[in-house]
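This report concerns only the one structure given below.
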Protein chains: 2
Amino acid sequence: MGDTLILKSTKIPEERIRARNEAKILKAAVDLFSRKGFDGTSITEIARISSLPKANVYYYFPKKNDIYTRLIEKVMAGWDKALEHITLEREPRAALSDYVKAKLEYSRDNAIESRFFANEMLRGGQFFSALQKAHMRSVTRKHVEVLNHWIAAEKMVAVDPNHFFMMLWGATEYYANFSILATETLEKQKLGKKDFEAAHATIMKTIIHGCLT
Amino acid sequence: MGDTLILKSTKIPEERIRARNEAKILKAAVDLFSRKGFDGTSITEIARISSLPKANVYYYFPKKNDIYTRLIEKVMAGWDKALEHITLEREPRAALSDYVKAKLEYSRDNAIESRFFANEMLRGGQFFSALQKAHMRSVTRKHVEVLNHWIAAEKMVAVDPNHFFMMLWGATEYYANFSILATETLEKQKLGKKDFEAAHATIMKTIIHGCLT
DNA sequence: AAATAAGTTGACACTATCGTCAAGTTTTGA
DNA sequence: TCAAAACTTGACGATAGTGTCAACTTATTT
(Lines give C-alpha, C1' and ligand atoms only; values in the text may rest on other atoms or scores of the structure.)
Protein backbone atom coordinates (compact mmCIF):
# COMPACT_ATOMS: atom_id res chain seq x y z
CA MET A 1 0.00 0.00 0.00
CA GLY A 2 2.87 2.26 0.85
CA ASP A 3 4.40 0.96 -2.35
CA THR A 4 1.62 2.21 -4.58
CA LEU A 5 3.18 4.17 -7.35
CA ILE A 6 1.35 7.34 -8.23
CA LEU A 7 1.74 8.03 -11.93
CA LYS A 8 2.19 11.63 -12.84
CA SER A 9 0.83 12.95 -16.09
CA THR A 10 4.32 14.24 -16.86
CA LYS A 11 6.95 11.72 -17.92
CA ILE A 12 9.98 11.58 -15.74
CA PRO A 13 12.95 13.52 -17.09
CA GLU A 14 14.77 10.31 -17.78
CA GLU A 15 12.29 9.60 -20.49
CA ARG A 16 12.30 12.98 -22.10
CA ILE A 17 15.17 15.19 -23.08
CA ARG A 18 18.07 13.05 -21.93
CA ALA A 19 16.64 9.83 -23.28
CA ARG A 20 15.73 11.44 -26.56
CA ASN A 21 19.11 13.05 -27.11
CA GLU A 22 21.11 10.06 -25.98
CA ALA A 23 19.17 7.94 -28.43
CA LYS A 24 19.97 10.39 -31.22
CA ILE A 25 23.64 10.29 -30.36
CA LEU A 26 23.75 6.51 -30.10
CA LYS A 27 21.93 6.10 -33.38
CA ALA A 28 24.37 8.33 -35.22
CA ALA A 29 27.30 6.75 -33.45
CA VAL A 30 26.49 3.11 -34.12
CA ASP A 31 26.32 3.79 -37.82
CA LEU A 32 29.60 5.70 -37.86
CA PHE A 33 31.40 3.25 -35.58
CA SER A 34 30.20 0.32 -37.68
CA ARG A 35 31.81 1.83 -40.79
CA LYS A 36 34.73 3.84 -39.53
CA GLY A 37 35.48 2.10 -36.27
CA PHE A 38 36.30 3.76 -32.99
CA ASP A 39 39.45 5.48 -34.21
CA GLY A 40 38.02 6.77 -37.43
CA THR A 41 34.89 8.25 -35.91
CA SER A 42 35.02 11.76 -34.50
CA ILE A 43 32.76 13.35 -31.93
CA THR A 44 32.48 16.22 -34.38
CA GLU A 45 30.91 13.92 -36.91
CA ILE A 46 28.67 12.17 -34.41
CA ALA A 47 27.44 15.60 -33.43
CA ARG A 48 26.79 16.61 -37.00
CA ILE A 49 24.93 13.41 -37.86
CA SER A 50 22.81 13.59 -34.72
CA SER A 51 22.08 17.29 -35.31
CA LEU A 52 23.31 18.31 -31.89
CA PRO A 53 26.07 20.71 -31.03
CA LYS A 54 29.34 18.99 -30.16
CA ALA A 55 29.40 20.41 -26.63
CA ASN A 56 25.95 18.93 -26.16
CA VAL A 57 27.26 15.51 -27.09
CA TYR A 58 29.96 15.96 -24.44
CA TYR A 59 27.29 16.94 -21.98
CA TYR A 60 25.64 13.54 -22.28
CA PHE A 61 28.75 11.45 -22.93
CA PRO A 62 31.92 13.02 -21.47
CA LYS A 63 34.18 10.78 -23.55
CA LYS A 64 33.95 8.96 -26.85
CA ASN A 65 34.59 5.79 -24.83
CA ASP A 66 31.32 6.33 -23.02
CA ILE A 67 29.32 6.29 -26.23
CA TYR A 68 31.17 3.25 -27.45
CA THR A 69 30.88 1.19 -24.29
CA ARG A 70 27.19 2.03 -24.06
CA LEU A 71 26.73 0.63 -27.55
CA ILE A 72 28.70 -2.48 -26.68
CA GLU A 73 26.43 -3.03 -23.70
CA LYS A 74 23.36 -2.65 -25.86
CA VAL A 75 24.64 -5.15 -28.39
CA MET A 76 25.73 -7.59 -25.71
CA ALA A 77 22.37 -7.33 -24.04
CA GLY A 78 20.81 -9.08 -27.01
CA TRP A 79 23.71 -11.30 -27.89
CA ASP A 80 22.47 -14.55 -26.45
CA LYS A 81 18.82 -14.18 -27.21
CA ALA A 82 18.93 -16.56 -30.15
CA LEU A 83 20.59 -19.19 -27.97
CA GLU A 84 17.41 -19.48 -25.93
CA HIS A 85 16.19 -21.80 -28.64
CA ILE A 86 18.88 -24.31 -27.76
CA THR A 87 17.68 -26.20 -24.72
CA LEU A 88 18.02 -29.71 -23.39
CA GLU A 89 14.36 -30.54 -23.67
CA ARG A 90 14.09 -29.76 -27.34
CA GLU A 91 14.83 -31.88 -30.35
CA PRO A 92 18.00 -30.75 -32.15
CA ARG A 93 16.38 -30.30 -35.51
CA ALA A 94 13.71 -27.90 -34.40
CA ALA A 95 15.99 -26.16 -31.94
CA LEU A 96 18.76 -25.57 -34.46
CA SER A 97 16.30 -24.49 -37.12
CA ASP A 98 14.86 -21.89 -34.77
CA TYR A 99 18.34 -20.83 -33.75
CA VAL A 100 19.54 -20.33 -37.31
CA LYS A 101 16.32 -18.52 -38.12
CA ALA A 102 16.77 -16.21 -35.17
CA LYS A 103 20.40 -15.55 -36.06
CA LEU A 104 19.51 -14.73 -39.67
CA GLU A 105 16.72 -12.47 -38.51
CA TYR A 106 19.16 -10.66 -36.29
CA SER A 107 21.47 -10.27 -39.29
CA ARG A 108 18.58 -8.94 -41.31
CA ASP A 109 17.15 -6.55 -38.73
CA ASN A 110 20.29 -5.47 -36.89
CA ALA A 111 22.93 -5.34 -39.59
CA ILE A 112 24.43 -2.11 -38.31
CA GLU A 113 24.73 -3.40 -34.77
CA SER A 114 26.25 -6.60 -36.06
CA ARG A 115 28.78 -4.65 -38.08
CA PHE A 116 29.53 -2.40 -35.16
CA PHE A 117 30.36 -5.43 -33.08
CA ALA A 118 32.35 -6.98 -35.90
CA ASN A 119 34.34 -3.79 -36.24
CA GLU A 120 35.20 -3.86 -32.56
CA MET A 121 36.33 -7.46 -32.89
CA LEU A 122 38.55 -6.58 -35.85
CA ARG A 123 39.96 -3.79 -33.78
CA GLY A 124 40.98 -6.23 -31.10
CA GLY A 125 38.00 -6.23 -28.72
CA GLN A 126 39.68 -4.12 -26.05
CA PHE A 127 36.37 -2.49 -25.16
CA PHE A 128 34.84 -5.86 -24.66
CA SER A 129 35.00 -6.11 -20.91
CA ALA A 130 36.24 -9.07 -18.93
CA LEU A 131 32.74 -9.32 -17.54
CA GLN A 132 31.20 -9.49 -20.98
CA LYS A 133 33.76 -12.03 -22.10
CA ALA A 134 33.04 -14.16 -19.07
CA HIS A 135 29.33 -13.96 -19.74
CA MET A 136 29.78 -14.96 -23.37
CA ARG A 137 32.01 -17.84 -22.36
CA SER A 138 29.60 -19.10 -19.74
CA VAL A 139 26.58 -18.94 -22.04
CA THR A 140 28.53 -20.67 -24.80
CA ARG A 141 29.68 -23.37 -22.40
CA LYS A 142 26.11 -23.96 -21.34
CA HIS A 143 24.97 -24.45 -24.91
CA VAL A 144 27.98 -26.55 -25.76
CA GLU A 145 26.72 -28.82 -22.99
CA VAL A 146 23.33 -29.04 -24.66
CA LEU A 147 25.03 -30.15 -27.87
CA ASN A 148 27.14 -32.65 -25.99
CA HIS A 149 23.97 -34.00 -24.41
CA TRP A 150 22.41 -34.43 -27.84
CA ILE A 151 25.56 -36.14 -29.05
CA ALA A 152 25.57 -38.49 -26.04
CA ALA A 153 21.90 -39.26 -26.70
CA GLU A 154 22.84 -39.96 -30.32
CA LYS A 155 20.49 -37.32 -31.59
CA MET A 156 23.48 -35.61 -33.10
CA VAL A 157 26.70 -36.92 -34.55
CA ALA A 158 29.97 -36.32 -32.80
CA VAL A 159 31.19 -32.94 -33.88
CA ASP A 160 33.04 -30.39 -31.81
CA PRO A 161 30.25 -28.15 -30.46
CA ASN A 162 32.45 -25.08 -30.18
CA HIS A 163 33.49 -25.32 -33.81
CA PHE A 164 29.94 -26.14 -34.77
CA PHE A 165 28.71 -22.94 -33.18
CA MET A 166 31.46 -20.92 -34.77
CA MET A 167 30.52 -22.36 -38.13
CA LEU A 168 26.94 -21.23 -37.56
CA TRP A 169 27.99 -17.82 -36.32
CA GLY A 170 30.23 -17.24 -39.30
CA ALA A 171 27.57 -18.42 -41.71
CA THR A 172 24.65 -16.45 -40.27
CA GLU A 173 26.50 -13.25 -39.42
CA TYR A 174 28.00 -13.12 -42.89
CA TYR A 175 24.73 -11.69 -44.22
CA ALA A 176 24.98 -8.70 -41.91
CA ASN A 177 28.69 -8.13 -41.65
CA PHE A 178 29.54 -8.67 -45.28
CA SER A 179 26.22 -7.82 -46.82
CA ILE A 180 27.91 -6.00 -49.67
CA LEU A 181 29.71 -9.21 -50.58
CA ALA A 182 26.46 -11.12 -50.27
CA THR A 183 24.72 -8.70 -52.60
CA GLU A 184 27.63 -8.94 -55.05
CA THR A 185 27.50 -12.72 -54.93
CA LEU A 186 23.74 -12.78 -55.47
CA GLU A 187 24.01 -10.00 -58.05
CA LYS A 188 21.41 -7.77 -56.49
CA GLN A 189 21.27 -4.42 -54.77
CA LYS A 190 19.84 -5.50 -51.49
CA LEU A 191 19.11 -8.69 -49.60
CA GLY A 192 15.42 -9.49 -49.35
CA LYS A 193 13.22 -11.87 -47.41
CA LYS A 194 13.71 -14.63 -49.94
CA ASP A 195 17.48 -14.40 -49.63
CA PHE A 196 17.32 -14.97 -45.90
CA GLU A 197 14.97 -17.86 -46.46
CA ALA A 198 17.37 -19.35 -48.97
CA ALA A 199 20.21 -18.87 -46.53
CA HIS A 200 18.22 -20.66 -43.85
CA ALA A 201 17.34 -23.48 -46.22
CA THR A 202 20.93 -23.97 -47.31
CA ILE A 203 22.33 -23.96 -43.81
CA MET A 204 19.63 -26.26 -42.45
CA LYS A 205 19.82 -28.69 -45.32
CA THR A 206 23.55 -28.90 -44.83
CA ILE A 207 23.20 -29.42 -41.10
CA ILE A 208 20.43 -31.99 -41.34
CA HIS A 209 21.47 -34.07 -44.31
CA GLY A 210 24.86 -32.86 -45.42
CA CYS A 211 25.28 -31.89 -49.03
CA LEU A 212 27.03 -34.81 -50.59
CA THR A 213 25.50 -37.96 -51.91
CA MET B 1 70.23 -11.15 -81.48
CA GLY B 2 69.37 -7.55 -80.94
CA ASP B 3 66.97 -8.85 -78.32
CA THR B 4 69.60 -10.48 -76.19
CA LEU B 5 69.26 -9.30 -72.67
CA ILE B 6 72.54 -8.63 -70.93
CA LEU B 7 72.21 -9.29 -67.19
CA LYS B 8 73.98 -6.83 -64.99
CA SER B 9 75.49 -7.92 -61.73
CA THR B 10 73.55 -5.13 -60.03
CA LYS B 11 69.91 -5.72 -59.19
CA ILE B 12 67.50 -3.41 -60.89
CA PRO B 13 66.40 -0.47 -58.73
CA GLU B 14 62.91 -1.90 -58.54
CA GLU B 15 64.25 -4.63 -56.34
CA ARG B 16 66.27 -2.55 -54.00
CA ILE B 17 65.44 0.58 -52.12
CA ARG B 18 61.96 1.22 -53.48
CA ALA B 19 60.82 -2.37 -53.12
CA ARG B 20 62.24 -2.62 -49.63
CA ASN B 21 60.68 0.59 -48.39
CA GLU B 22 57.34 0.03 -50.06
CA ALA B 23 57.20 -3.37 -48.40
CA LYS B 24 57.90 -1.79 -45.01
CA ILE B 25 55.15 0.74 -45.53
CA LEU B 26 52.65 -1.85 -46.73
CA LYS B 27 53.45 -4.16 -43.85
CA ALA B 28 52.88 -1.43 -41.28
CA ALA B 29 49.81 -0.22 -43.11
CA VAL B 30 48.01 -3.54 -43.47
CA ASP B 31 48.19 -4.08 -39.75
CA LEU B 32 46.93 -0.61 -38.94
CA PHE B 33 44.22 -0.65 -41.58
CA SER B 34 43.04 -4.06 -40.41
CA ARG B 35 42.48 -2.72 -36.86
CA LYS B 36 41.67 0.93 -37.30
CA GLY B 37 40.31 0.99 -40.81
CA PHE B 38 41.06 3.53 -43.48
CA ASP B 39 39.66 6.50 -41.57
CA GLY B 40 41.29 5.69 -38.28
CA THR B 41 44.77 5.14 -39.67
CA SER B 42 47.06 8.10 -40.16
CA ILE B 43 50.04 8.45 -42.42
CA THR B 44 51.87 9.72 -39.37
CA GLU B 45 51.33 6.41 -37.65
CA ILE B 46 52.14 4.34 -40.72
CA ALA B 47 55.41 6.26 -40.91
CA ARG B 48 56.18 5.67 -37.27
CA ILE B 49 55.45 1.94 -37.41
CA SER B 50 57.46 1.49 -40.59
CA SER B 51 60.38 3.51 -39.16
CA LEU B 52 60.45 5.89 -42.08
CA PRO B 53 59.98 9.63 -42.05
CA LYS B 54 56.53 10.75 -43.04
CA ALA B 55 57.76 12.67 -46.06
CA ASN B 56 59.44 9.48 -47.19
CA VAL B 57 56.12 7.65 -47.05
CA TYR B 58 54.66 10.39 -49.24
CA TYR B 59 57.57 9.99 -51.60
CA TYR B 60 56.56 6.39 -52.34
CA PHE B 61 52.80 6.75 -51.96
CA PRO B 62 51.55 10.28 -52.69
CA LYS B 63 48.19 9.63 -51.00
CA LYS B 64 46.83 7.33 -48.31
CA ASN B 65 44.50 5.98 -50.99
CA ASP B 66 47.49 4.71 -52.91
CA ILE B 67 48.66 2.57 -50.00
CA TYR B 68 45.19 1.28 -49.44
CA THR B 69 44.38 0.39 -53.01
CA ARG B 70 47.75 -1.32 -53.37
CA LEU B 71 46.84 -3.50 -50.41
CA ILE B 72 43.44 -4.25 -51.85
CA GLU B 73 45.09 -5.35 -55.07
CA LYS B 74 47.45 -7.62 -53.19
CA VAL B 75 44.62 -9.23 -51.27
CA MET B 76 42.48 -9.60 -54.36
CA ALA B 77 45.38 -11.17 -56.24
CA GLY B 78 45.13 -14.20 -53.98
CA TRP B 79 41.44 -14.16 -53.42
CA ASP B 80 40.43 -16.92 -55.75
CA LYS B 81 43.38 -19.21 -55.25
CA ALA B 82 41.49 -21.60 -53.01
CA LEU B 83 38.74 -21.86 -55.60
CA GLU B 84 41.16 -23.59 -57.95
CA HIS B 85 40.34 -26.76 -56.06
CA ILE B 86 36.78 -26.61 -57.29
CA THR B 87 36.76 -27.98 -60.80
CA LEU B 88 34.37 -29.95 -62.93
CA GLU B 89 36.59 -32.97 -63.23
CA ARG B 90 36.95 -33.51 -59.53
CA GLU B 91 34.74 -35.34 -57.09
CA PRO B 92 32.89 -32.94 -54.78
CA ARG B 93 34.08 -34.51 -51.58
CA ALA B 94 37.78 -34.21 -52.30
CA ALA B 95 37.39 -30.86 -54.02
CA LEU B 96 35.41 -29.31 -51.17
CA SER B 97 37.72 -30.79 -48.59
CA ASP B 98 40.71 -29.22 -50.31
CA TYR B 99 38.84 -25.96 -50.68
CA VAL B 100 37.91 -25.75 -47.02
CA LYS B 101 41.44 -26.72 -46.09
CA ALA B 102 42.88 -24.00 -48.31
CA LYS B 103 40.45 -21.42 -46.92
CA LEU B 104 41.31 -22.32 -43.33
CA GLU B 105 45.00 -22.20 -44.14
CA TYR B 106 44.51 -18.74 -45.58
CA SER B 107 42.74 -17.75 -42.39
CA ARG B 108 45.58 -19.16 -40.35
CA ASP B 109 48.44 -17.69 -42.38
CA ASN B 110 46.93 -14.42 -43.57
CA ALA B 111 44.77 -13.33 -40.70
CA ILE B 112 45.82 -9.69 -40.96
CA GLU B 113 45.09 -9.53 -44.67
CA SER B 114 41.75 -11.19 -44.09
CA ARG B 115 40.89 -8.67 -41.40
CA PHE B 116 42.05 -5.80 -43.59
CA PHE B 117 39.67 -6.94 -46.29
CA ALA B 118 36.89 -7.51 -43.76
CA ASN B 119 37.39 -4.00 -42.45
CA GLU B 120 37.06 -2.57 -45.94
CA MET B 121 33.84 -4.53 -46.41
CA LEU B 122 32.45 -3.22 -43.14
CA ARG B 123 33.36 0.24 -44.29
CA GLY B 124 31.28 -0.20 -47.41
CA GLY B 125 33.74 -1.50 -49.95
CA GLN B 126 34.11 1.79 -51.82
CA PHE B 127 37.75 1.06 -52.60
CA PHE B 128 36.77 -2.24 -54.08
CA SER B 129 36.87 -1.35 -57.74
CA ALA B 130 34.20 -2.19 -60.27
CA LEU B 131 36.83 -4.27 -61.99
CA GLN B 132 37.56 -6.26 -58.88
CA LYS B 133 33.86 -6.74 -58.19
CA ALA B 134 33.34 -7.96 -61.73
CA HIS B 135 36.23 -10.37 -61.37
CA MET B 136 34.90 -11.73 -58.10
CA ARG B 137 31.46 -12.11 -59.57
CA SER B 138 32.73 -13.92 -62.65
CA VAL B 139 34.91 -16.31 -60.68
CA THR B 140 32.07 -17.01 -58.28
CA ARG B 141 29.70 -17.62 -61.16
CA LYS B 142 32.12 -20.06 -62.68
CA HIS B 143 32.33 -22.06 -59.47
CA VAL B 144 28.61 -21.88 -58.91
CA GLU B 145 28.38 -23.60 -62.27
CA VAL B 146 30.65 -26.37 -61.05
CA LEU B 147 28.35 -26.90 -58.07
CA ASN B 148 25.30 -26.88 -60.31
CA HIS B 149 27.00 -29.47 -62.46
CA TRP B 150 27.58 -31.67 -59.44
CA ILE B 151 23.98 -31.20 -58.41
CA ALA B 152 22.75 -32.14 -61.90
CA ALA B 153 24.98 -35.21 -61.81
CA GLU B 154 23.46 -36.02 -58.41
CA LYS B 155 26.84 -35.95 -56.73
CA MET B 156 25.52 -33.18 -54.57
CA VAL B 157 22.08 -32.43 -53.21
CA ALA B 158 20.15 -29.44 -54.45
CA VAL B 159 21.30 -26.48 -52.42
CA ASP B 160 21.73 -22.92 -53.61
CA PRO B 161 25.41 -22.76 -54.58
CA ASN B 162 25.74 -19.05 -53.85
CA HIS B 163 24.45 -19.49 -50.33
CA PHE B 164 26.52 -22.62 -49.95
CA PHE B 165 29.68 -20.69 -50.80
CA MET B 166 28.72 -17.87 -48.48
CA MET B 167 28.18 -20.36 -45.69
CA LEU B 168 31.69 -21.71 -46.31
CA TRP B 169 33.22 -18.25 -46.53
CA GLY B 170 31.60 -17.16 -43.30
CA ALA B 171 32.63 -20.33 -41.54
CA THR B 172 36.25 -20.42 -42.69
CA GLU B 173 36.97 -16.71 -42.53
CA TYR B 174 35.58 -16.54 -39.03
CA TYR B 175 38.85 -17.94 -37.68
CA ALA B 176 40.83 -15.03 -39.12
CA ASN B 177 38.39 -12.17 -38.88
CA PHE B 178 37.05 -12.93 -35.44
CA SER B 179 39.98 -14.85 -34.06
CA ILE B 180 39.58 -13.18 -30.69
CA LEU B 181 36.07 -14.56 -30.47
CA ALA B 182 37.33 -17.95 -31.55
CA THR B 183 40.00 -17.91 -28.86
CA GLU B 184 37.40 -16.86 -26.29
CA THR B 185 35.08 -19.65 -27.37
CA LEU B 186 37.84 -22.23 -27.22
CA GLU B 187 39.18 -20.70 -24.00
CA LYS B 188 42.74 -20.36 -25.18
CA GLN B 189 45.15 -17.59 -26.01
CA LYS B 190 45.88 -18.46 -29.56
CA LEU B 191 44.56 -20.75 -32.26
CA GLY B 192 46.86 -23.62 -33.07
CA LYS B 193 47.21 -26.28 -35.73
CA LYS B 194 44.81 -28.61 -33.96
CA ASP B 195 42.13 -25.93 -33.86
CA PHE B 196 42.24 -25.49 -37.60
CA GLU B 197 42.11 -29.24 -38.02
CA ALA B 198 39.09 -29.42 -35.75
CA ALA B 199 37.48 -26.63 -37.73
CA HIS B 200 38.09 -28.51 -40.94
CA ALA B 201 36.72 -31.73 -39.45
CA THR B 202 33.57 -30.04 -38.18
CA ILE B 203 32.85 -28.24 -41.42
CA MET B 204 33.54 -31.28 -43.57
CA LYS B 205 31.56 -33.66 -41.42
CA THR B 206 28.64 -31.28 -41.58
CA ILE B 207 28.94 -30.92 -45.33
CA ILE B 208 29.37 -34.62 -46.02
CA HIS B 209 26.95 -36.21 -43.61
CA GLY B 210 25.05 -33.46 -41.92
CA CYS B 211 25.00 -33.42 -38.14
CA LEU B 212 21.65 -34.79 -37.22
CA THR B 213 20.65 -38.40 -36.89
C1' DA C 1 84.53 10.84 -62.98
C1' DA C 2 80.51 13.41 -63.83
C1' DA C 3 75.73 13.71 -64.60
C1' DT C 4 71.39 12.06 -63.65
C1' DA C 5 67.97 9.71 -61.07
C1' DA C 6 66.33 8.13 -56.89
C1' DG C 7 65.88 8.61 -52.27
C1' DT C 8 65.87 11.20 -47.62
C1' DT C 9 64.07 14.35 -44.38
C1' DG C 10 63.60 18.65 -41.21
C1' DA C 11 60.77 22.32 -41.07
C1' DC C 12 56.70 24.54 -41.98
C1' DA C 13 51.80 26.42 -42.78
C1' DC C 14 47.37 24.78 -42.66
C1' DT C 15 43.30 22.15 -41.15
C1' DA C 16 40.39 19.32 -38.45
C1' DT C 17 39.44 17.65 -34.13
C1' DC C 18 39.48 17.60 -29.19
C1' DG C 19 37.88 19.03 -24.94
C1' DT C 20 36.63 22.85 -22.06
C1' DC C 21 34.02 26.63 -20.11
C1' DA C 22 30.88 29.94 -18.81
C1' DA C 23 26.84 32.34 -20.00
C1' DG C 24 22.39 31.68 -21.24
C1' DT C 25 17.93 29.09 -21.67
C1' DT C 26 14.60 25.65 -20.52
C1' DT C 27 12.63 22.29 -17.54
C1' DT C 28 11.40 20.48 -13.26
C1' DG C 29 10.02 20.17 -8.55
C1' DA C 30 8.85 22.24 -4.25
C1' DT D 1 6.20 31.43 -8.35
C1' DC D 2 10.83 30.69 -7.55
C1' DA D 3 14.97 28.08 -7.05
C1' DA D 4 17.46 24.36 -8.54
C1' DA D 5 18.55 21.17 -11.94
C1' DA D 6 19.09 20.07 -16.53
C1' DC D 7 20.18 21.39 -20.89
C1' DT D 8 22.25 24.27 -24.73
C1' DT D 9 25.96 26.16 -27.20
C1' DG D 10 29.45 29.69 -29.21
C1' DA D 11 33.98 30.47 -28.69
C1' DC D 12 38.44 29.21 -27.65
C1' DG D 13 43.34 27.21 -26.94
C1' DA D 14 45.81 23.08 -27.70
C1' DT D 15 47.08 19.21 -30.33
C1' DA D 16 47.51 15.79 -33.89
C1' DG D 17 47.60 14.98 -38.50
C1' DT D 18 48.07 16.54 -43.46
C1' DG D 19 50.74 17.60 -47.21
C1' DT D 20 54.47 20.29 -49.17
C1' DC D 21 59.09 21.78 -50.31
C1' DA D 22 63.76 22.43 -51.03
C1' DA D 23 68.21 21.16 -49.66
C1' DC D 24 70.84 17.39 -49.16
C1' DT D 25 72.56 12.54 -49.81
C1' DT D 26 72.97 8.21 -52.10
C1' DA D 27 72.63 5.19 -56.00
C1' DT D 28 72.84 4.45 -60.77
C1' DT D 29 73.97 5.40 -65.44
C1' DT D 30 76.70 7.40 -68.98
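Keep in mind the model is a prediction, meaning the values are calculated, not measured. Chain A is the first sequence line, chain B the second, and so forth, proteins listed ahead of strands; every chain is numbered from 1.
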Which heavy atom of [X] sits nearest to which heavy atom of [Y], and what is that distance?
X      : Y      : result
A/H135 : A/D80  : NE2-OD2, 3.0 Å
B/F165 : B/V144 : CE1-N, 3.9 Å
A/H163 : B/D195 : CE1-O, 3.2 Å

Quiz prompt | Rounded distance in Å - CG (A/L52) to C1' (C/dG19) | solution =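 It is 17 Å, rounded to the nearest whole Å.
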Practice problem: Round to the nearest Å and state the distance from B/I67 atom CD1 to D/dG19 atom C1'. | Solution: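 Those two atoms, CD1 and C1', are 13 Å apart.
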Practice problem: With a 4.0 Å heavy-atom cut-off, tell me which residues in residues 54-64 of chain B come close to DNA chain C, sorted by residue number. | Solution: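 The stretch gives B/A55, B/N56, B/Y59, B/Y60 as the residues lying under 4.0 Å from the strand, ordered by number.
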Quiz prompt | Residue-level proximity of residues 33-51 of chain A to DNA chain C when a heavy atom falls under 4.0 Å | solution =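 The stretch gives A/S42, A/I43, A/T44 as the residues lying under 4.0 Å from the strand, ordered by number.
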Quiz item: Are the charged groups of A/K193 and A/E197 less than 4.0 angstrom apart, N to O?
Solution: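 Between A/E197 and A/K193 there is a salt bridge, with a charged N closer than 4.0 Å to a carboxylate O.
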Quiz item: Is B/R35 salt-bridged to A/D39, going by a charged N under 4.0 Å from an acidic O?
Solution: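 Here B/R35 does not pair with A/D39 in a salt bridge, since their nearest N and O are not under 4.0 Å apart.
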Exercise. Could you check B/I203 against B/T172 for side-chain contact (heavy atoms from CB on, under 4.5 Å), going step by step and ending with a plain yes or no?
Key: CA-CA 9 Å; B/I203 295 169; B/T172 54; 4.1 Å; yes
Practice problem: Indicate, with yes or no, if the rings of A/F178 and B/F117 have centres closer together than 6.0 Å. | Solution: no
Quiz item: Should A/R18 be listed as having a side-chain N or O under 4.0 Å from OP1 or OP2 of D/dC7?
Solution: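 For D/dC7, OP1 or OP2 has a side-chain N or O of A/R18 closer than 4.0 Å.
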Quiz item: If you measure from CD on B/Q189 to CD1 on B/I180, what distance do you get to the nearest 0.5 Å?
Solution: 12.0 Å
